[in-house]
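Below: the structure, in structure tokens.
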Amino acid sequence: MEKRDLVIRIAGQGGEGVISMGDFIAAACARVGQEVYTFKTFPAEIKGGYAMYQVRTSREPVFNPGDSFDILCALNEEAFEFNRHLLVPGTALVYDHADDGFTPVIPDGVHAYPIPMSKTAKELNSHRSKNMVALGALSVLFNIDEETLITVLTDKFESKGGNALEFNLNAFKKGKGLMDTVVKTDPWQIDDPVEPRDVLIISGNAGVGLGAIMGGLKFFSAYPITPATEIAKFVATHIPKVEGVLIQAEDEIASISQVLGASYAGKRAMTATSGPGLALMGEMLGMASMSETPVLVVDVQRGGPATGMPTKHEQSDLFLAIHGSHGDAPRIVLSVEDVNDCIHMTVEALNLAEHYQCPVILLSDGSLAFSTQTVPAPKPDAVRIVDRKRWDGLGEYKRYLQTEDGISPMADPGTPGAMHVATGLEHGPTGAPNYSASNHEAMHRKRFGKLSTVVDSFTPAQVDGDGEAEVGVIAWGSTIGVVREAIARLRREGIKVKGFYPKLMYPMPVRQYEDFARTCHKILVPEVNYQGQLSHFIRAETAINPISFTICGGIPFTPNQIMKKIKEILSCSVEHTTKLT
Ligand code: COA
């Protein structure tokens, strides 16, 4: 099969500038018209440990970081050792060689380019610029557009002040010069520039921030936590331009409490956190359900429980997002597939919170948080903003008026004639506390009942493929992009497979799941958590009995892993009972 993409992996030690190198390459590729998808992983320490950045670039859309790399740039010996098993014949290796570098045993068939990165940076009296020496060498070897690289380097290092720009441009040029006598033996090249397109290259976290601003956000309460912090950083920079406010709270409980307060006061409000923060927010999310206050919480999932693996990828907060509450506390839970979704689903999530007057939890994940992708430039003017149902000022104001759709008109505090009791207690229609059995039951019916239209009003889950399939794959979050590619490859091999990609996780679109399952002989649910959390929900809520396939090593699936699993299922002689009739 013709290979249409190129994957470059940069690996080294945290603090050596691996992440910057990857960002520069990704930006340079995107600016010359390539599609880009990146993945980065690094340790929880500020300095030291293994850091890795993978850039996948192609003329065609790419949905995941790829199976493995074509080119490895190893900034130290540990990085080489870590990736040695992936250095198959045909791959290229660029590594730090000479006095301060290392001398690896090159596996057979690998195109090796020893570059004195550390030594050169030292000679330039600029040890931090080792990564720029490497970047200069890579630009010559693999046709990374020099002019564009210099522009992105300048943008970054000019802002650091001092002599950072001068030192780094010097190091970059020196790295290029080191290639003068090197003979290229590998076939890898980034395609020549094509007509630039109207795209952005941004991370999932920046995408959420952008979606929030486009979605009319007026208040963000921030409390930093890896891997969600960059959302607040993005919003802090841009929210003043739309006359909004960001406040840093003292902890996550204060954060969600401020969001409730701002929303009660009539403002579109949100916060972003990760699993431990979402756990702390549980009580106030119950308050939001009870008081029917619109709030959005973005949960960027990471390896847990507890501090767990804070910089690593996982999809393990689905149980917490759906059922992490005291009492019966309805909410809407959504998940995003890619950076484009991070933008548009944040807009949608704010709209749903306002329309249904309830908490909405939007699940992103550690892979998407830092992953940068090329996305079509969004059009803020085309964004649809849904406002909450507002009181018209006529008649008696009843905050929890029973209406046909269960949604009661809201009035901002201070509105003449709209005075009412606002507490976390169970209440009757006026807001006054009411503990009668019939009232509690009626209010539960109202709070849950108003969500009964969510499934029908939300865009149906996408089905990838038609007709009957031997295996149907149900995937959520960033696993969808991996499954898309696995399915496309298997189809080219003549295997009948289909995909089902839900983004509305709760309330669950049960009929859509079952309609899909009716067209498949077996259902596979791959997810990056230990328990198979979506599989549990599918078994609990639908008549489907899926095959759960889980990994939880802190990194996402690869297309190869999914393909292998599907082939294994197909070769199994035992007939699985998934098929619904
Ligand atoms: N010259 C000058 N500065 C350079 C440089 C160069 N040649 N190359 C990189 N830098 C700067 C970068 O700009 C960056 O500074 P900035 O943050 O002000 O932009 C800094 O050096 C780090 O470089 P970067 O390339 O971003 O990362 P790295 O590959 O060296 O890895 C990390 C460092 C990201 C692993 C580490 O700093 C980190 O953040 N670890 C995670 C911490 C965490 O979240 N823990 C969890 C707690 S619960």
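No hydrogens, no waters, no symmetry mates; every other heavy atom, side chains included, goes into these values. Atoms within each ligand, like the ligands themselves, are counted from 1 in listed order. The model shown is predicted, which means the values in this text are computed figures rather than measured ones. Residue numbers run from 1 in the order of the sequence given.
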How far apart are the C-alpha atoms of H238 and L210, what are their side-chain angles, what is the distance that settles it, and do they pass the side chain to side chain contact (heavy atoms under 4.5 Å, CB included) test? CA-CA 8 Å; H238 297 285; L210 179 58; over 6 Å; no

Which ligand 1 atoms, with their elements, are less than 4.0 angstrom from a heavy-atom of P310? 48 (S)

Using a 4.0 Å cut-off to any heavy atom of K156, which atoms of ligand 1 qualify? 13 (O), 19 (O)

For A92, does its backbone N or O pair with a side-chain atom of H111 as donor and acceptor, under 3.5 Å? no

State the CD-OG distance between E250 and S255, to the nearest 0.5 angstrom. 9.0 Å

Which residue owns the protein heavy atom closest to atom 2 (C) of ligand 1, what's the atom, and how far is it? F157 CE2, 3.5 Å

Which option wins on minimum heavy-atom distance to atom 34 (C) of ligand 1: T226, I19, V18? I19

Is K47 near ligand 1, meaning one of its heavy atoms is under 4.0 Å from it? no

Please say whether I46 places an N or O atom under 3.5 Å from an N or O atom belonging to ligand 1. yes

Name the residue from I253, D251, T273, D299 that meets the side-chain contact (heavy atoms from CB on, under 4.5 Å) definition with M281. T273

In this structure, which one of Y37, F39, F42 forms a ring pair (Phe, Tyr, Trp, His ring centres under 6.0 Å) with F370? F42

Quick one: sort the F537 and F319 rings into parallel, tilted or perpendicular, breaks at 30° and 60°. perpendicular

Check: Q315/D365 side-chain N/O donor and acceptor closer than 3.5 Å: no

Is there a heavy atom in Y53 that sits closer than 4.0 Å to ligand 1? no

Contact check: N131 vs ligand 1, nitrogen or oxygen atoms, below 3.5 angstrom: yes

Atom 38 (C) of ligand 1 [closest protein heavy-atom partner, distance rounded to 0.1 Å]: E45 O, 3.9 Å

How close does the nearest protein non-hydrogen atom get to atom 16 (P) of ligand 1, and which residue and atom is it? K160 NZ, 3.6 Å

Starting from atom 9 (C) of ligand 1, locate the nearest protein heavy atom and write down its residue, its atom name and how far away it is, to 0.1 Å. S20 OG, 3.3 Å

State if M21 counts as touching ligand 1 under the rule of any non-hydrogen atom under 4.0 Å. no

Donor-acceptor pair between R484 and N64 side chains, under 3.5 angstrom: no

Has G15 got any heavy atom lying under 4.0 angstrom from an atom of ligand 1? yes

Write out the residue and atom name of the closest protein heavy atom to atom 7 (N) of ligand 1, then the distance separating them to 0.1 Å. N168 OD1, 2.8 Å

Taking atom 19 (O) of ligand 1 as the reference point, report whether a protein heavy atom occurs under 4.0 Å from it. yes

If you count the non-hydrogen atoms of other residues, nucleotides and ligands that lie under 6.0 Å from NZ in K233, is the total more than 12? no

Name the closest protein heavy atom to atom 35 (C) of ligand 1, giving the residue it belongs to and the distance to 0.1 Å. F42 CB, 3.5 Å

Check residues 152-164 and write down every donor-acceptor pair under 3.5 Å in which the side-chain atom is one partner and the other belongs to a residue at least two apart or another chain.
| residue | atom | partner | partner atom | Å |
| --- | --- | --- | --- | --- |
| T154 | OG1 | I150 | O | 2.6 |
| S159 | OG | K156 | O | 2.7 |

Counting heavy atoms only, which of K130, E16, R128, Q13 comes nearest to atom 22 (C) of ligand 1? R128

Please check if the number of heavy atoms outside F82 that lie under 6.0 Å from its CZ is greater than 12. no

Is it true that a side-chain atom of S221 and a backbone atom of Q258 form a donor plus acceptor pair closer than 3.5 Å? no

Please verify whether a non-hydrogen atom of P43 lies at under 4.0 Å from ligand 1. yes

Identify the protein heavy atom lying closest to atom 42 (C) of ligand 1, giving its residue, its atom name and the separation to 0.1 Å. A44 O, 3.3 Å

